[in-house]
Amino acid sequence: MLIEIRNATKTYKTGEISLDALKNVSLTMNEGEMGVILGPSGSGKSTLLNIIGGIDRIDSGNVIVDGVDIVGLNDNKLTLYRRNSVGFIFQFYNLVPNLTAYENVEVAANISKNPIDMDEILESVGMSEFKNRFPRELSGGQQQRVAIARAIVKKPKLLLCDEPTGALDYNSAKEILQLITEVNKKFATTVIIITHNNAISSIANRIIKLRSGEISENIVNEKVLSAERIEW
Amino acid sequence: MVINKMIKRTIFEYKAQYIGSIILIIISCMLYSSFNIAMTDALDNLNIFRINNNLEDASFIVQNPITNINDLEKKYDMTLEERKSVDYINDDQSVLRILSSTDNIDKYAVISGQPLTGENEILIDKAYASAHSLAINNELKINNTAFKIVGYMSTPDYVYPLKSENDILKNPRSFGVAVVSKKDINAIGNGITFYSVKFNTNNSSEFISDLSLDNILIQWINKKDNNRISFIDSDLNGGVVVGKVLPIAILILTCVLIAIVLSRLLKRESLVIGTLYAMGHTKKELVRHYLKYPIIISMIGSIVGTVIGSLLVKPLLSVVTEYYNLPLLSVDFDIKYIILSLILPFLFLIPVTYLVINRSLELSPLQLMRGGKNKTKVNFIERKLNLNRFNFKTKFKIRELIRSLPRAALMVFGVALASMLLLIGFATKDSMDYMVTNSYSDIYKYNYEYTFNSLQFGEVATGEKRSLSSFASKINNKDEDFIIYGVQKDSKLINLVDKNNNVIGFDKVIITKSISDRYNISAGQSIKVKNKLNLKEFNVIVDEIATAYTGNIIYMPLGEFNLSNGYPENSYLQIDSVDQLNIPADQLISEVTKQDMIDGYNTLLMPMRVMIGGIAVMAFIIGLIVIYVVTSLVIEENKANISMLKILGYKKKEIYSLVLSSNIILVIIGYIISVPLIIVSVASLFNLMTEAMNITIPAKLNISSILISFVIIIITYEISESLNKRKVMKISMADSLKEKRE
Ligand SMILES: Nc1ncnc2c1ncn2[C@@H]1O[C@H](COP(=O)(O)OP(=O)(O)OP(=O)(O)O)[C@@H](O)[C@H]1O
Ligand SMILES: [Mg+2]
């Protein structure tokens, strides 16, 4: 078991109003699994992902990743956890605008103990010929490829994707999903993808549905489709 | 309007940036109003004093008393008055120069106490009084006669009380002036009789030649060559320049700062602006709204600054009138400077910010709602730069540096200004140090200089003979004054060196660097001079230029000097000596002790340190504001990047290093630029100050001062950085993910 979440609770307080973003969420995932989180807007998907990735903290419960309860880690250790174990991909790519594609990947490679060769990684996401371009000179799909390279250059155990295709057209989205599944296969990286798009869930072997901060369904998908074969 | 609330919220949220701008304006207005009002007042005071109390045009000494004063006055349309002075030497070896009171020229003004009315009353200068714990109504014993101090006074010819008119520094512990009635001075002892003259027409040379017919002129000093009279002008004019240049420079800096802060604000609010546009607000309304920022800032800054500045006028003025022995006649708040001080910030800030605002609002609502034009446009330098050979950290830092060129420029400009301010104090002190060591230790090796009141002949047992006279020369159609010294060829007590530091022998004609610089005279050129005392004219050919800044002095061999001037062979007028000599006072015009000068300088060091410290504090504040604001802008612009770096697992220290540490290069560049700039500025300030004088002050800046200021600037940088580090820590990882960005 790579991830084990027990009774995770997260409450946001804004002034008088408090809002339970996560209520007693429990979940496990095995190494090499590909999971998809589905749910309406505001149901707590990003909150859950951020907690697994060590970006945010829960109020109570446990989040055990690879045998370590990250809830108990101090800020420094949590930073090291993110650095060594987690790769992130976001809807809006979040590249550093004044760095070239190459340099944006270097941002992550720079602090990794044993990164993949820079040229190799850019080649594998198909960005070699654009490596000296700045983000604003790239299409959304291309930017997301750079973001994928940045996330996996350090060979993380976990790849967390928050609506990675949310801002992309059909074809680019499929290419990106294909890349992500390749990573999952090639490095046996555990992947979690958040999406609004039900069709995407067919590429996962685990489908988790959230509703108002609670897991409403946790399905093991027996009929995993490859990314090329899904349609919406 | 709803958007009015935004101003308050924005200023509060980014308070450091706005408070910083306000402080800069306060400093600027404070300096502007206080310096201009105080210096104008001081100059007015000085002029009124000079007119009311009839400042002389010159004073002179002749061999035989003048008996036909009234005839001469009529003949030359001038005021002429015989005066007497006795140098009374106190038990502590300090000299109190007692002058006879005058009726027509250089009349004394009572600063406090009463004027002279009866017998055995004395007025003294206040600085001497406090240095010797004397007070009004105290008794002062002079040559067995008890005088009652009835008040403190100032005379226009001793505004800067120097023992010799060629001195540079006063020292109230060793020298002071006093006035007694004409009757009393004769009782004290026989001192020197001299004359002061004020011409109504430009006929001084006719008068001099007339005097030389049946009398021998021993000394003639024009007011311009008399440091006691002319030093104050240079200082006050220096103050006027500082009061104009410095505030304007600070205002320009503030302009740049506000412009950058505002365009940042406009970018941040472009979505709101676009929406307001779309909702039907006119551009005019929006411009008016955003102009409120500079208006509020200018208003607070200028009012507070002008009020503080006005409060500083009196203290500043009393510093001037106490340092110079000047009666404080009136404190006038020149309304012109108050008004200018109040509106100058607006004049600078409003047009600049108007341009910035106008440019941003020219975009269409749609462009604005998309976050403004070219939000993260890659600039020319960024694109051209090939950074492949550098490691990642270096690359990142370089990119960070050139990301926003206006921001980099603000940093460099601001640090340069702060450093210059810091260095002004150091440069002033270093230059003075150099002047004093150059004149009193390097050049003059004697300790005592005795000037006789008539020509002496023959050999001297101890010391060296020297002669002197004052000369005039027409250079570039202007009458310029010189002193020529006749020096013994084998002189060991005067030591002149050329620019390569080689000793120059006194078998040559040597001019000071002051002359060479001021009149552009080089070796080989000849100067036609006219002896002011006996009107003899001759040419001197310059052989060497000595590194000396003591004034318009020409040195030539004593024999040649006597020959050219028609003085008897073997005659001389001065003796220089290492040891004190026993020469009766009634044979002397003056006795100068070098130690007095050095002591005088040392007493000046303390107030000078205070001044340097004060300026340094101001420089520190300006530096802190600029560096702080630029750093906070960097952090603000990098918010998303910092958040991303955190997500990627960068530690705090690594983030500071990547995002902030590159600024130190801009700080260093700013500092490096400031060093030559300050030397040039101080040199031109000194030139301006000494324009009306014969000395020149070379601008010097020691390595140690450069290093100390550098350390101060770096400390300033470190402080602003550490103040900003908290901001980096506060940036949340999760929040920034919600913001859409390119
Ligand atoms: N920093 C915050 N402060 C207060 N409430 C928050 C904060 N972040 C999230 N929330 C609330 O927590 C709940 C869950 O938010 P979350 O971002 O996890 O939703 P989501 O499922 O990712 O939605 P979406 O599909 O729109 O991205 C929402 O109701 C949201 O308003
Ligand atoms: Mg979300």
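Given the structure is predicted, the values throughout are model-derived calculations rather than measurements. Letters A, B, ... are given to chains in the order of the sequence lines, protein chains preceding strands, and every chain is numbered from 1.
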- In terms of heavy-atom proximity below 4.5 Å to chain B, should A:Leu99 be classed as side chain, backbone, both, or neither?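 Both parts, heavy atoms under 4.5 Å.
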### Message
Quick check on A:Tyr102 against chain B: is it the side chain, the backbone, both or neither that has a heavy atom closer than 4.5 Å?
### Response
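Answer is side chain: those atoms of A:Tyr102 sit under 4.5 Å from chain B.
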Heavy-atom neighbours of [X] [atom1] exceed 12 at 6.0 Å:
| X | atom1 | result |
| --- | --- | --- |
| B:Lys652 | NZ | no |
| B:Phe12 | CZ | no |
| A:Lys77 | NZ | no |

If one checks every heavy atom of B:Lys651 against chain A at 4.5 Å, the contacting part turns out to be both
Okay, B:Ile402 and chain A: the region with an atom under 4.5 Å from a heavy atom over there is neither
Next item on the list: Rounded to the nearest 0.5 Å, what's the gap from CG on A:Leu160 to CD1 on B:Ile647? Could you check?
Entry: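 Those atoms lie 11.0 Å apart.
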Q. Just how far is it from atom CG of A:Asp75 to atom CE of B:Met729, taken to the nearest 0.5 Å?
A.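 If I round to the nearest 0.5 Å, the distance is 10.5 Å.
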Looking only at heavy atoms, what is the nearest atom pair of [X] and [Y], with distance?
| X | Y | answer |
| --- | --- | --- |
| A:Pro97 | B:Asn641 | CD-OD1, 3.5 Å |
| A:Phe90 | B:Met644 | CE1-CE, 3.7 Å |
| B:Glu400 | A:Asn98 | OE1-ND2, 4.0 Å |

- Sort out for me which of A:Lys154, A:Arg83, A:Gln91 touches chain B most, counting heavy-atom pairs under 4.5 Å.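 Heavy-atom pairs under 4.5 Å are most numerous for A:Arg83.
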Ranking B:Met733, B:Lys395, B:Arg399, B:Lys393 by heavy-atom pairs under 4.5 Å to chain A gives rank one to B:Arg399
* Asked: So do A:Thr79 and B:Tyr650 actually touch side chain to side chain, heavy atoms under 4.5 Å?
  ->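 Answer no - side chains too far apart.
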Pairwise side-chain contact, A:Arg150 with B:Leu648, heavy-atom cut-off 4.5 Å (strictly under):
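They are in contact (side-chain heavy atoms under 4.5 Å apart), so the answer is yes.
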